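What follows is one structure encoded as structure tokens, with my remarks underneath.
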Amino acid sequence: MTFTALHRAAGADPEPLSDALLNRAVALGVPESSDLDWKSELPPAKGMAQTDFPKDVAAMANSGGGVIVFGVRELQKAAVSRVDVGDFDENYERSLRSVAITAISPPVFGLKVHRLGTEGERAVIVEVPASVDGPHLIYRNEYFGAPVRNDADTVWMKERQIEAMYRARFDERRHATEALDTLFADAATGRSSAMRAWLIAVAHPRVPALRTRITRDEARQVLSKTEELALVYAGRSGIHPLESVDLRNPRPGLRRWVAVNTATESSSAWKESWISIHHDGSVTLAAVVGGHRARSGEWLEGRHVRSVAVECAIADLMALLCTTAEATGNDEYDIRVGIEWSGDLPLMILTRDNMGYDYADVSTPLHRYTPVETTVSASESSVDFYWHVHDLAEDCLNQGGVSNVQMIHPPTRDQTSSQT
């Protein structure tokens, strides 16, 4: 559920943004604030980078996020009536997001754009996320500045404010790295990595949303949705870690819910997996990916990792991230994926030949697998997120000399949509 400055000002509970909510705020004469800005008109699509829109977005991002509402007339900074903003199509929405990326440095990703109302009272609400990448700068020819909200006004930061925000950015990056380190070490501890290679994957929200702890029922719903979504990203022709955990009965852990391993028999130990959903929106996955059963019926060595096992684990992680982000109100995530192997011989990632048999001739022996890191936004389009799933899997496989991703096939996207 969504909770924004508009909800707070109108005294509403968390709920999707709606025309009724906007009408209520206008009827109450809600004033502008540091995280709420009324606008009567949309910026023109042509030359949008030269309008105040980039400055308004950057100011919101530098101030902890907020909403810009187009389609409301204000007087003395308080809402007085609705105004129709005119036609608003997908191309214009792409332009808004594009300008937030190209006209602001560093870019502001993750804008959420909502279209409300019918003809005569059409409105557009732009949600600007909180950012840890500030200060976001606006360039005008040879000059630049860092805008920030000062209650209902937008002003320019002084030198000391810019300095403090850069310091905060570096501190946040250090804290984010420490958070990933802690999650990764926790997920990797106690795994039998001398016998079989383990894939360890963790994700932590860059700006964790403040909310109550998720309940067991919520965790169960997240896991159920995750199972469905993971099969969209990668089908059933591989071993999914989600198949080997108890999705229906998550157990409590330290500020988390844990889907415990169900592959406990000696014949199924090669599929051991553990998954956790943390109350702050973090997720972890630990799964055996070495020593799987080969098509010939024999067992691979513990250091031999099938590429399809890596793809299935990545699909499961990203599906878990997406569904958890929706349930916990998070957006941007930092991700780290590694393969833990402590045996004497080097790790090998195996691909498949045209007959479906494991093939090692293109593999690069790895004495150490370097963890792969990336950042994704759970609020981006489903196609763009699908491509992040593919690209993360590709990075994980390329390190072992494997070129092709075999199971994860996102739909094609045209050049315009790929830039949004």
Side-chain angles (χ1 to χ4, degrees), residues 1-45 48 51-75 77-101 104 108-131 136 147 149 152 154 207 209 325-326 329-332 377-381 420:
M1 301 299 284
T2 301
F3 188 79
T4 67
L6 192 60
H7 293 78
R8 186 195 67 245
D13 293 327
E15 61 182 37
L17 286 166
S18 66
D19 209 40
L21 177 64
L22 181 55
N23 283 335
R24 180 177 175 182
V26 173
L28 290 171
V30 168
E32 293 180 322
S33 62
S34 60
D35 54 2
L36 175 61
D37 192 8
W38 301 123
K39 302 284 186 183
S40 59
E41 298 179 351
L42 286 167
M48 188 184 297
T51 69
D52 282 342
F53 181 71
K55 183 180 73 171
D56 294 334
V57 170
M60 283 288 184
N62 285 335
S63 305
V67 291
I68 305 172
V69 183
F70 297 94
V72 173
R73 180 180 293 110
E74 53 88 10
L75 181 64
K77 303 187 184 302
V80 294
S81 64
R82 296 279 297 269
V83 183
D84 190 279
V85 297
D87 292 331
F88 183 90
D89 58 18
E90 291 185 5
N91 289 331
Y92 189 91
E93 184 174 330
R94 291 193 189 102
S95 297
L96 292 177
R97 291 196 175 96
S98 178
V99 166
I101 294 172
I104 303 173
V108 176
F109 294 100
L111 288 190
K112 295 180 181 179
V113 182
H114 308 268
R115 286 177 272 184
L116 305 177
T118 57
E119 188 170 354
E121 285 192 340
R122 288 169 292 188
V124 173
I125 299 179
V126 177
E127 281 189 74
V128 181
S131 174
H136 294 276
R149 295 287 289 181
T154 296
V207 185
E326 181 182 9
N330 285 293
D331 185 2
E332 280 192 302
S377 172
S379 66
E380 62 190 353
S381 72
T420 61

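Bear in mind the structure is a predicted one, so any value in this text is a computation, not a measurement.
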(request) Please report the closest heavy-atom contact between Ala9 and Leu28, naming both atoms and the distance. (result) O-CD1, 4.4 Å
(request) Measure across Glu32 and Ala152 and return the closest heavy-atom pair with its distance rounded to 0.1 Å. (result) CB-CB, 3.7 Å
Just distance, no hydrogens or angles: give the donor-acceptor pairs under 3.5 Å from side chains in residues 112-123, sequence neighbours left out.
unit_1, atom_1, unit_2, atom_2, d
His114, NE2, Glu127, OE2, 2.7
Arg115, NH1, Phe88, O, 3.1
Arg122, NE, Asp84, OD1, 3.2
Arg122, NE, Asp84, OD2, 3.1
Arg122, NH1, Asp87, OD1, 2.9
Arg122, NH2, Asp84, OD1, 2.9

(request) Please assess Val128 against Leu111 for the test side chain to side chain contact (heavy atoms under 4.5 Å, CB included), listing each intermediate value before the final yes or no. (result) CA-CA 5 Å; Val128 181; Leu111 288 190; 3.9 Å; yes
(message) If I compare all heavy atoms of His7 with all of Leu17, which pair ends up nearest, and what's the gap?
(response) CE1-CD2, 3.4 Å
(message) I'd like to check the side chain to side chain donor-acceptor pair (under 3.5 Å) partners of Thr51; sequence neighbours left out, ordered by chain and number.
(response) none
(request) Under the side chain to side chain donor-acceptor pair (under 3.5 Å) rule, collect the residues that match up with Arg24, sequence neighbours excluded. (result) none
(request) Might you point out which heavy atoms bring Ala78 and Gly29 nearest each other, and give the distance in Å? (result) CB-O, 3.7 Å
(request) Could you tell me the separation between the CG atom of Asp89 and the OG atom of Ser95, rounded to the nearest 0.5 Å? (result) 8.5 Å
(request) Report the distance from atom CD1 of Ile104 to atom OG of Ser131, rounding to the nearest 0.5 Å. (result) 10.0 Å
(message) Can you confirm whether the side chains of Arg73 and Ser81 place a donor and an acceptor under 3.5 Å from each other?
(response) yes
(request) Evaluate the criterion side chain to side chain contact (heavy atoms under 4.5 Å, CB included) for residue pair Arg82 and Asn23; output intermediate values, then yes/no. (result) CA-CA 8 Å; Arg82 296 279 297 269; Asn23 283 335; 2.6 Å; yes
(request) Tell me, please, which residues at least two apart from Asp35 pass side-chain contact (heavy atoms from CB on, under 4.5 Å). (result) Ala5, Arg8, Ser33
(request) Rounded to the nearest 0.5 Å, what's the gap from CD1 on Ile125 to CG on Leu6? Could you check? (result) 5.5 Å
(message) Testing the basics here: between Phe53 and Val99, what is the closest heavy-atom pair and its distance to 0.1 Å?
(response) CD2-CG1, 4.1 Å
(request) Grab the two heavy atoms, one from Asp331 and one from Ser377, that are nearest each other, plus how far apart they are. (result) OD1-OG, 2.6 Å
(message) Do Glu332 and Val207 make a side-chain contact, defined as non-hydrogen atoms from C-beta onward lying under 4.5 Å apart?
(response) no
(request) For residues 56-65, pull every pair meeting salt bridge (charged side-chain N to carboxylate O under 4.0 Å, His left out), keeping only residues two or more places apart or in separate chains. (result) Lys39-Asp56
(request) Check whether any side-chain heavy atom of Val124 sits under 4.5 Å from a side-chain heavy atom of Tyr92, and report yes or no. (result) no
(request) Find out whether Phe70 and Pro43 are in side-chain contact, i.e. whether some heavy atom of one side chain is under 4.5 Å from a heavy atom of the other. (result) yes
With a 3.5 Å cut-off and sequence neighbours excluded, list the donor-acceptor pairs that the side chains of residues 62-69 form with protein atoms.
unit_1, atom_1, unit_2, atom_2, d
Asn62, OD1, His136, N, 2.8
Asn62, ND2, Ala58, O, 3.3
Asn62, ND2, His136, O, 3.1
Asn62, ND2, Pro147, O, 2.7
Ser63, OG, Ala59, O, 2.7
Ser63, OG, Arg149, N, 2.8

(message) Between Trp38 (side chain only) and Val80 (backbone N and O only), is there a donor and an acceptor less than 3.5 Å apart?
(response) no
(message) Rounded at 0.5 Å granularity, tell me how far CE in Met48 sits from CG in Leu96.
(response) 4.5 Å
